[in-house]
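Protein chains get the first letters and strands the later ones, always in sequence-line order, with residue 1 at the start of each. Quick caveat, the model's predicted, so the values are computed rather than measured.
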There are 2 protein chains.
Amino acid sequence: MRQLTRKGAATRQRILEGAALHIREHGVADTTLDDILARTSTSKSQLFHYFPGGREELLLAVARLEADRVLEDQQPQLGDLTSWDAWRQWRDRVVERYRAQGSQCPLNSVMSQLRGNTPGAQAVVTELMNHWQAELAAGVRHMQAAGEIDPGLDPGQAAAALLAGIQGGVLIQLSTGRTTHLEAALDLGLAYLRTGRPPSS
Amino acid sequence: MRQLTRKGAATRQRILEGAALHIREHGVADTTLDDILARTSTSKSQLFHYFPGGREELLLAVARLEADRVLEDQQPQLGDLTSWDAWRQWRDRVVERYRAQGSQCPLNSVMSQLRGNTPGAQAVVTELMNHWQAELAAGVRHMQAAGEIDPGLDPGQAAAALLAGIQGGVLIQLSTGRTTHLEAALDLGLAYLRTGRPPSS
DNA sequence: TCCCGACTGGACGTGGCAGTCCAGCCTATG
DNA sequence: CATAGGCTGGACTGCCACGTCCAGTCGGGA
């Protein structure tokens with residue numbers, strides 16, 4: 001993988017996206033390398049050419065892809081939590097995203113297949129969580145600066161709790177198919193932020 | 001499986017517990033039927049005699065076992081959330097349990113291996129969540145009756161949010177190894193319950 | 001005591017899937 | 001236009017885990 005020509009990069013990308021798509025549709029357990037090859041019109045040698053680590057490496061790359069998508073799907077709202085209205089829009093966006101996703105969580109699914117929590121896999125998720133939490137904390141701090149949230153509240157802790165609620169809500173949705181827990185976590189989380197007695201409302 | 005003699009029941013139990021233990025130690029992906037047989041001093045024919053559905057059926061049985069354990073490990077506190085002190089003890093118990101468990105969640109692990117969310121598997125988790133949430137809701141209602149929590153709060157929703165926070169906290173712990181999110185979710189969740197302006201404190 | 005059915009051991013078949021290999025093609029570059 | 005090295009096809013290997021099968025033992029009820 002010293003040099004990648006334009007063509008090579010395209011092939012690699014095709015494999016990666018095809019893998020991600022097939023996993024989204026069928027789950028990781030039911031996704032073989034041959035499935036991916038058939039779907040992307042590529043051959044074994046190509047797959048191992050671009051992902052020398054084989055299945056493991058490909059899965060990790062898919063995990064990175066999906067992790068990026070998680071945050072992208074929340075933009076631009078997530079990056080601009082500067083009013084209660086923005087928070088509400090973000091909340092709706094998150095619920096809608098996961099409702100649409102249904103009972104498949106590609107990231108969780110991929111993660112649990114990666115050999116006993118490979119360091120690389122852990123890193124992907126940890127980074128996602130850190131980034132996500134940082135965005136939420138920034139939003140909290142912004143609201144504090146605007147006098148809308150009690151300045152005594154720890155933004156990091158609040159963001160951590162909110163994030164945990166989201167993750168759990170989604171996890172529960174995977175089994176129950178309902179987004180009630182996700183919505184409850186978000187709604188009560190936001191309600192708690194507001195208990196910092198804003199001047200108005 | 002029409003009749004089970006005492007001996008037969010013992011063998012079945014031995015296989016089940018051996019499987020659960022091996023999965024706890026090595027993860028589902030690295031657990032083969034042969035591993036379990038070796039560990040429990042049983043043979044293929046026995047395993048398929050007691051679990052005609054093979055690996056799938058055995059895994060589901062393990063899932064049930066682990067699901068029961070989750071709630072058992074929170075007793076007696078979970079069933080008696082009748083004072084703030086009881087809630088705090090319960091909170092500590094939960095954190096301790098998952099801290100001890102470390103980066104392995106047998107239930108989540110087993111679940112994600114079961115064929116694209118088998119109805120049976122979903123049922124196990126759904127029932128666990130329902131039961132868990134019901135206990136929490138009962139605790140909330142009890143505190144409301146005692147005048148310690150705002151009666152306007154919806155116990156079901158509060159319990160759902162709390163439960164989501166726990167699940168997410170544990171999930172995050174699987175990747176990060178830290179219980180900070182779990183604790184944040186529990187602490188802020190309980191803090192929110194208390195915002196119902198108790199007469200004292 | 002007899003006998004049926006539950007129980008057990010372990011050899012065996014089988015399929016499927018990750019990963020290897022090599023021969024040949026394409027494409028940038030000098 | 002030549003050539004080196006990236007790129008591609010697909011047959012092949014090796015493995016291993018699941019599940020089957022059958023022969024044989026045990027155990028409890030009549």
*Do B/Gln13 and B/Glu17 have side-chain N/O donor and acceptor atoms under 3.5 Å apart?*
yes

*Options C/dC7, D/dC18, C/dC22, nucleotide nearest the side-chain atoms of B/Tyr50*: C/dC7

*In whole Å, what is the span from the CG atom of A/Leu4 to the P atom of C/dA28?*
13 Å

*Residue B/Lys7, side-chain heavy atoms: nucleotide from C/dT20, D/dT20, C/dT8 that is nearest*: C/dT8

*asked:* Output the rounded distance in Å from NE2 (B/His49) to P (C/dG5).
replied: 13 Å

*Roughly how many Å is it from CD1 in B/Ile15 to C1' in D/dG19, rounded to a whole number?*
15 Å

_Nearest heavy atoms of A/Gln173 and A/Gly102, plus distance in Å_ = NE2-O, 3.6 Å

*Nearest of C/dG19, C/dA6, D/dT8 to any side-chain atom of A/Ser43?*
D/dT8

_A/Ser45 or A/Thr31, whichever maps to the more 5' nucleotide of DNA chain C_ = A/Thr31

*Is B/Thr11 near enough to C/dT8 that one of its side-chain N or O atoms lies under 4.0 angstrom from OP1 or OP2?*
yes

*Would you indicate which nucleotide in D/dG6, C/dT8, C/dG10 comes nearest to any side-chain atom of B/Gln46?*
C/dT8

*Round to the nearest Å and state the distance from B/Leu47 atom CG to D/dT20 atom C1'.*
13 Å

*Report the nucleotide, chosen from C/dG9, C/dC17, C/dT20, that has the shortest atom-to-atom distance to any side-chain atom of A/Thr32.*
C/dC17

*Okay, side chain of A/Thr176, backbone of A/Arg178: is any donor-acceptor separation there less than 3.5 Å?*
yes

*May I have the step-by-step check of salt bridge (charged side-chain N to carboxylate O under 4.0 Å, His left out) for A/Arg93 and A/Glu96, ending in yes or no?*
CA-CA 5 Å; A/Arg93 182 92 184 244; A/Glu96 192 40 51; over 6 Å; no

*Which comes earlier along DNA chain C counting from the 5' end, the contact point of B/Arg6 or that of B/Lys44, where each point is its nearest nucleotide?*
B/Arg6

*Answer yes or no: does a side-chain N or O of B/Thr5 lie under 4.0 Å from OP1 or OP2 of D/dG28?*
no

*For residues A/His181 and B/Gln133, is any side-chain donor paired with an opposing acceptor at under 3.5 Å?*
yes

*Please state how far atom CZ in A/Arg55 lies from atom P in C/dC17, giving the value in whole angstrom units.*
10 Å

*Atom CZ of A/Phe48 to atom P of D/dT13: distance rounded to whole Å?*
17 Å

*Quick one: B/Ile36 CD1 to D/dG19 P, roughly how many Å, whole number?*
11 Å

_If I take atom CZ in residue B/Arg14 and atom P in nucleotide C/dC7, what distance separates them, rounded to the nearest angstrom?_
12 Å

